[in-house]
Novice: 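Okay, here's the structure, questions in a sec.
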Amino acid sequence: MADDRLPSFKAADLVIELSPTLKIKPDEVPFGTVFSDHMLTIEWSKSEGWQAPHIKPFGNLSLHPASSSLHYGIQLFEGLKVYRGDDNQLRLFRPMLNMNRMSNSAKRACLPAFDQSELLECIKRLLEIDQSWIPHSKSLDLYIRPTFIGTGHYLGIKKPVNALLYVILTQMGTYFEFGSEGMSLWADPKYTRAWKGGTGNHKLGGNYGCSLAAQYEAEDYGCLQVLWLYGEDHQITEAGTMNIFMRWINEDGEEELATPSLDGLILPGVTRQSILDLARKWGEFKVTERHLTMSQLCSALKQQRVKQIFGCGTASLICPIGRIVYQGENLHIPCQDTQLTSRIVKELKDIQYGRTPSDWTMPVVDQ
């Protein structure tokens, strides 16, 4: 009998069914509310393995009421963007990092293995078909959402015997809205986003659904997002759905750009890794992945050693943080010196839009 070690699907086997009618493309809309004309679907079963990938008109899914994704949260997703460059060429930014992370998440969720390069080729074909949705704008991009769910027709906790991998596309502009004072965060250890031995370092849907209660409580405290803490020492982990960086003068008097280390609690973000790679290449200050706590932050703020704190992610890119509510206090974070973040944003966007040649980008259509 076949299992998930069978050969992966192949992009060369793509079945393409074009939509007979195309949607009217709207002006800028809220993130994740309007989707492109087509989607990619690839079915898997334990008995037959992977089926041929299928690009078809965007539409609803048909799921059995007992699907394991609905009952036990056996599902995951990814998020990346496609950019239309100044030369009109379409580019993906470090997409193999997303494919590798998706593969690791699938392994953690006991979903079947797949060939990362073949999935990327299928996504590129979907983008080529729906390329009219990729804006001629530097304030709008097209967001790519690969999703992988268990679809087995049974109740009971066990490895999926059926699964569906699909990809949808949506236009997006600004993800967070905040003023010049920066984003506000609510830090309270009563809620935990992730724990040692858990799934915080994988992009599983359950990690996000369980954060909603804390998110809405943060709004009650006048904050936009949650600063997630862990453990008795109130270890700093992530800011909302973003990785977090602190630029400061550390305990040894060194200028340092620090971010929490990948210790199983932290999602290995593509933007996070890119910022680390850029800053290390510059070689102008210390760049570390390290354990950071609220005690260290509070002490550094009192001694005026903090220069800047910011969040980062694919959807948000860079978000300066201006205030943290912690233990009944408003911690005001310096955010007037934007030289570093402006430099990071410029260098990343220059690469993403093709102004700076780089092996971090991949053309959607081979030239």
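Bear in mind that the values here come from a model prediction, so they are computed numbers and not experimental data. Note: hydrogens, waters and symmetry copies are ignored here, and every other heavy atom, side chains too, is used.
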Novice: Heavy-atom count around Lys23 NZ within 6.0 Å, excluding the residue itself: above 12?
Specialist: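 More than 12 heavy atoms, drawn from other residues, nucleotides or ligands, come within 6.0 Å of this atom.
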Novice: Please assess Leu111 against Leu165 for the test side chain to side chain contact (heavy atoms under 4.5 Å, CB included), listing each intermediate value before the final yes or no.
Specialist: CA-CA 10 Å; Leu111 286 162; Leu165 195 166; over 6 Å; no
Novice: Indicate, with yes or no, if Leu265 and Leu276 share a hydrophobic cluster defined by side-chain heavy-atom contacts under 4.5 Å among Ile, Leu, Val, Met, Phe, Trp and Tyr.
Specialist: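 No; tracing contacts between hydrophobic side chains, which count when under 4.5 Å, never links both residues.
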Novice: State whether the side chain of Ser342 and the backbone N or O of Thr338 hold a donor-acceptor pair below 3.5 Å, judged by distance alone.
Specialist: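 It does hold such a pair.
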Novice: For the pair Gln352 (side chain) and Tyr83 (backbone), establish whether a donor and an acceptor sit closer than 3.5 Å, ignoring hydrogens and angles.
Specialist: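 Checking the backbone N and O of Tyr83 against the side chain of Gln352, no donor-acceptor pair under 3.5 Å is found.
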Novice: Keeping Arg84 on the side-chain end and Ile134 on the backbone end, is there a donor-acceptor pair under 3.5 Å?
Specialist: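 It does hold such a pair.
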Novice: Does Lys281 NZ have over 12 foreign heavy atoms under 6.0 Å away?
Specialist: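 Check fails, neighbour count at 12 or below.
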Novice: Would Thr271 and Asn243 satisfy side chain to side chain contact (heavy atoms under 4.5 Å, CB included), going step by step from the backbone distance to the final call?
Specialist: CA-CA 8 Å; Thr271 306; Asn243 294 122; over 6 Å; no
Novice: Measuring only between side-chain heavy atoms, which start at C-beta, is Ile344 closer than 4.5 Å to Phe310?
Specialist: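 Sidechains of Phe310 and Ile344: in contact.
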Novice: Which pair of heavy atoms, one from Pro57 and one from Ser19, lies closest together, and at what distance?
Specialist: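 So the minimum-distance heavy-atom pair works out to CG-CA, 3.7 Å.
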Novice: Are the side chain of Asn207 and the backbone N or O of Thr199 linked by a donor-acceptor pair below 3.5 Å?
Specialist: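 Answer holds: yes.
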Novice: With a cut-off of under 6.0 Å to the ring centre and 45° to the axis, is Lys349 in cation-pi contact with Phe93?
Specialist: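 No, cation not above the ring by the 6.0 Å, 45° rule.
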Novice: For Arg247, which of Glu255, Glu284, Glu256, Glu254 qualifies under salt bridge (charged side-chain N to carboxylate O under 4.0 Å, His left out)?
Specialist: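 Considering Glu255, Glu284, Glu256, Glu254, a salt bridge (charged side-chain N to carboxylate O under 4.0 Å, His left out) with Arg247 is found only for Glu255.
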Novice: Taking C-beta and beyond as the side chain, do Ile236 and Met294 meet within less than 4.5 Å on heavy atoms?
Specialist: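 Ile236 vs Met294: side chains touch.
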Novice: Please say whether more than 12 non-hydrogen atoms of neighbouring residues, nucleotides or ligands are located less than 6.0 Å from NZ in Lys346.
Specialist: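 12 or below, so no.
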Novice: Between Glu251 and Arg290, is there a salt bridge with N-O shorter than 4.0 Å?
Specialist: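 Judged by the 4.0 Å cut-off on N to carboxylate O distance, Arg290 and Glu251 do form a salt bridge.
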Novice: Is it true that the side chains of Ser117 and Glu121 contain a donor and an acceptor less than 3.5 Å apart?
Specialist: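 No, no side-chain donor-acceptor pair sits under 3.5 Å.
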Novice: Closer than 3.5 angstrom, by distance alone: can the side chain of Asp87 be matched with the main-chain N or O of Gly354 as a donor-acceptor pair?
Specialist: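 Between the backbone of Gly354 and the side chain of Asp87 there is no qualifying donor-acceptor contact (under 3.5 Å).
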Novice: Less than 4.0 angstrom from a charged side-chain N to a carboxylate O is my criterion; do Glu78 and Lys203 meet it?
Specialist: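 No, this pair does not count.
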Novice: What are the two closest non-hydrogen atoms of Ala194 and Tyr230, and how far apart are they?
Specialist: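 Minimum heavy-atom separation between Ala194 and Tyr230: O-CD1, 3.3 Å.
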Novice: I'd like to check Trp44 versus Leu164 (side-chain heavy atoms, cut-off strictly below 4.5 Å). Are they in contact?
Specialist: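 They are not in side-chain contact.
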Novice: Please report the C-alpha distance between Leu229 and Thr237 in whole Å, then the side-chain angles of each, then the deciding distance to 0.1 Å, and finally whether the side chain to side chain contact (heavy atoms under 4.5 Å, CB included) criterion is met.
Specialist: CA-CA 6 Å; Leu229 307 179; Thr237 63; over 6 Å; no
Novice: Look up atom CD1 in Ile321 and atom CD1 in Ile244, then write down how far apart they are to the nearest 0.5 Å.
Specialist: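 Answer rounded to 0.5 Å: 4.0 Å.
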Novice: Is there a path from Ile42 to Ile16 through hydrophobic residues (I, L, V, M, F, W, Y) whose side chains come within less than 4.5 Å of each other?
Specialist: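 As far as the 4.5 Å side-chain criterion goes, Ile16 and Ile42 are connected within one cluster.
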Novice: Is there a path from Tyr353 to Ile318 through hydrophobic residues (I, L, V, M, F, W, Y) whose side chains come within less than 4.5 Å of each other?
Specialist: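 Shared cluster, yes.
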Novice: For a side chain to side chain contact (heavy atoms under 4.5 Å, CB included) with Ile123, tell me which candidate from Val364, Val167, Asn98 qualifies.
Specialist: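 With Ile123 as partner, side chain to side chain contact (heavy atoms under 4.5 Å, CB included) holds for just one option, Val167.
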Novice: Is the backbone N or O of Ser36 less than 3.5 Å from a side-chain atom of Asp130, with the two atoms forming a donor-acceptor pair by type?
Specialist: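 Checking the backbone N and O of Ser36 against the side chain of Asp130, no donor-acceptor pair under 3.5 Å is found.
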Novice: Using the rule side chain to side chain contact (heavy atoms under 4.5 Å, CB included), only one of Arg108, Met102, His202 pairs with Leu76; which is it?
Specialist: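 For Leu76, the side chain to side chain contact (heavy atoms under 4.5 Å, CB included) test succeeds with only one of Arg108, Met102, His202, which is Met102.
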Novice: Could you tell me which non-hydrogen atom of Gly150 sits nearest to which non-hydrogen atom of Ser67, and how far apart they are?
Specialist: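 Looks like O-CB, 3.9 Å.
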Novice: For the residue pair Trp50 and Phe9, does the interplanar ring angle fall in the parallel (under 30°), tilted (30 to 60°) or perpendicular (over 60°) class?
Specialist: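 Perpendicular, since the angle between the ring planes exceeds 60°.
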Novice: Can you tell me if Tyr191 and Arg193 form a side-chain donor-acceptor pair at under 3.5 Å?
Specialist: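 Short answer, no.
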Novice: How far apart are the C-alpha atoms of His234 and Tyr326, what are their side-chain angles, what is the distance that settles it, and do they pass the side-chain hydrogen bond (donor to acceptor under 3.5 Å, both in side chains) test?
Specialist: CA-CA 11 Å; His234 295 181; Tyr326 175 65; 2.7 Å; yes
Novice: Check this for me: Glu232, atom CD, are more than 12 non-hydrogen atoms of other residues, nucleotides or ligands nearer than 6.0 Å?
Specialist: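 Atom CD in Glu232 is not crowded, with 12 or fewer foreign heavy atoms closer than 6.0 Å.
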Novice: Would you check if Thr288 and Asn250 make a side-chain contact, meaning some heavy-atom pair closer than 4.5 Å?
Specialist: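 Contact flag for Thr288/Asn250 side chains = no.
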Novice: Is it true that a side-chain atom of His71 and a backbone atom of Pro65 form a donor plus acceptor pair closer than 3.5 Å?
Specialist: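 Checked: pair present.
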Novice: Does the cation-pi check pass for Arg91 over Trp360, that is, NZ or CZ under 6.0 Å from the six-membered ring centre and within 45° of its axis?
Specialist: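 Judged by the rule (NZ or CZ under 6.0 Å from the ring centre, within 45° of its axis), Arg91 is not positioned above Trp360.
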Novice: Set out, in order, the CA-CA distance, both residues' side-chain angles and the distance that settles side chain to side chain contact (heavy atoms under 4.5 Å, CB included) for Glu238 and Met242, then state yes or no.
Specialist: CA-CA 6 Å; Glu238 294 191 4; Met242 301 180 292; over 6 Å; no
Novice: So does Asn100 get a backbone contact from the side chain of Gln116, meaning a donor-acceptor N/O pair under 3.5 Å?
Specialist: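 It does hold such a pair.
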Novice: Tell me the closest heavy-atom pair linking Ser8 and Asp115, and the distance in Å.
Specialist: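 Of all heavy-atom pairs spanning Ser8 and Asp115, the closest is OG-N, 3.0 Å.
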Novice: Are the side chains of Arg272 and Phe245 in touch, meaning some heavy atoms are under 4.5 Å apart?
Specialist: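 In contact.
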Novice: Could you tell me the separation between the CD atom of Gln308 and the CG atom of Asp337, rounded to the nearest 0.5 Å?
Specialist: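 Gln308 CD to Asp337 CG: 6.5 Å, rounded to 0.5 Å.
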Novice: Could you tell me whether a side-chain N or O of Gln75 sits under 3.5 Å from a main-chain N or O of Ser69, the two making a donor and an acceptor?
Specialist: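 Side chain of Gln75 to backbone of Ser69: no pair is present.
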Novice: Any chance you could measure Ser274, atom OG, to Leu97, atom CG, to the nearest 0.5 Å?
Specialist: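 Here the interatomic distance stands at 7.0 Å.
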Novice: Can you get from Leu80 to Val82 by hopping between Ile, Leu, Val, Met, Phe, Trp and Tyr side chains that sit under 4.5 Å apart?
Specialist: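 Hydrophobic grouping puts Leu80 with Val82.
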Novice: Looking at side-chain heavy atoms only, is the closest gap between Leu340 and Leu257 below 4.5 Å?
Specialist: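 Leu340 vs Leu257: side chains touch.
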Novice: Please check if Leu278 and Val345 belong to a single hydrophobic cluster, counting links between Ile, Leu, Val, Met, Phe, Trp and Tyr side chain heavy atoms closer than 4.5 Å.
Specialist: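 Yes; Val345 is reachable from Leu278 via cluster members.
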Novice: Determine, using ring centers only, whether Tyr208 and Phe77 are less than 6.0 Å apart.
Specialist: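 Centroid distance Phe77-Tyr208: below 6.0 Å, so yes.
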Novice: Quick test of your reading of the model: are Asp141 and Lys81 salt-bridged, counting only N-O distances below 4.0 Å?
Specialist: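 Salt bridge between Asp141 and Lys81, a charged N being under 4.0 Å from a carboxylate O: yes.
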Novice: So does Asp277 pair up with Arg94, basic N to acidic O under 4.0 Å?
Specialist: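 Yes, this pair counts.
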Novice: Mind checking the OG1-CG spacing from Thr241 to Leu267? Nearest 0.5 Å is all I need.
Specialist: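 Atom-to-atom, Thr241:OG1 and Leu267:CG are 9.5 Å apart.
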Novice: Check whether any side-chain heavy atom of Ser261 sits under 4.5 Å from a side-chain heavy atom of His291, and report yes or no.
Specialist: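 In short, these two side chains do not touch, never coming nearer than 4.5 Å.
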Novice: Below 4.5 Å, heavy atoms only, C-beta onward: do Pro334 and Lys307 meet side chain to side chain?
Specialist: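 Pro334 does not reach Lys307 side chain to side chain.
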Novice: Quick one: pull up CD in Gln273 and OG1 in Thr259 and give me the separation to the nearest 0.5 Å.
Specialist: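 With rounding to 0.5 Å, CD (Gln273) is 10.0 Å from OG1 (Thr259).
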Novice: Angle class for the Phe148/Phe114 ring planes (parallel below 30°, perpendicular above 60°, tilted otherwise)?
Specialist: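 Perpendicular: the ring planes of Phe148 and Phe114 meet at over 60°.
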Novice: When rounded to the nearest 0.5 angstrom, what distance separates CG in Asn201 from CG in Asp263?
Specialist: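 Nearest 0.5 Å value for the CG-CG distance: 8.5 Å.
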Novice: Are any side-chain N or O atoms of Gln131 and backbone N or O atoms of Glu128, one a donor and one an acceptor, separated by less than 3.5 Å?
Specialist: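 Yes; at least one donor-acceptor contact below 3.5 Å.
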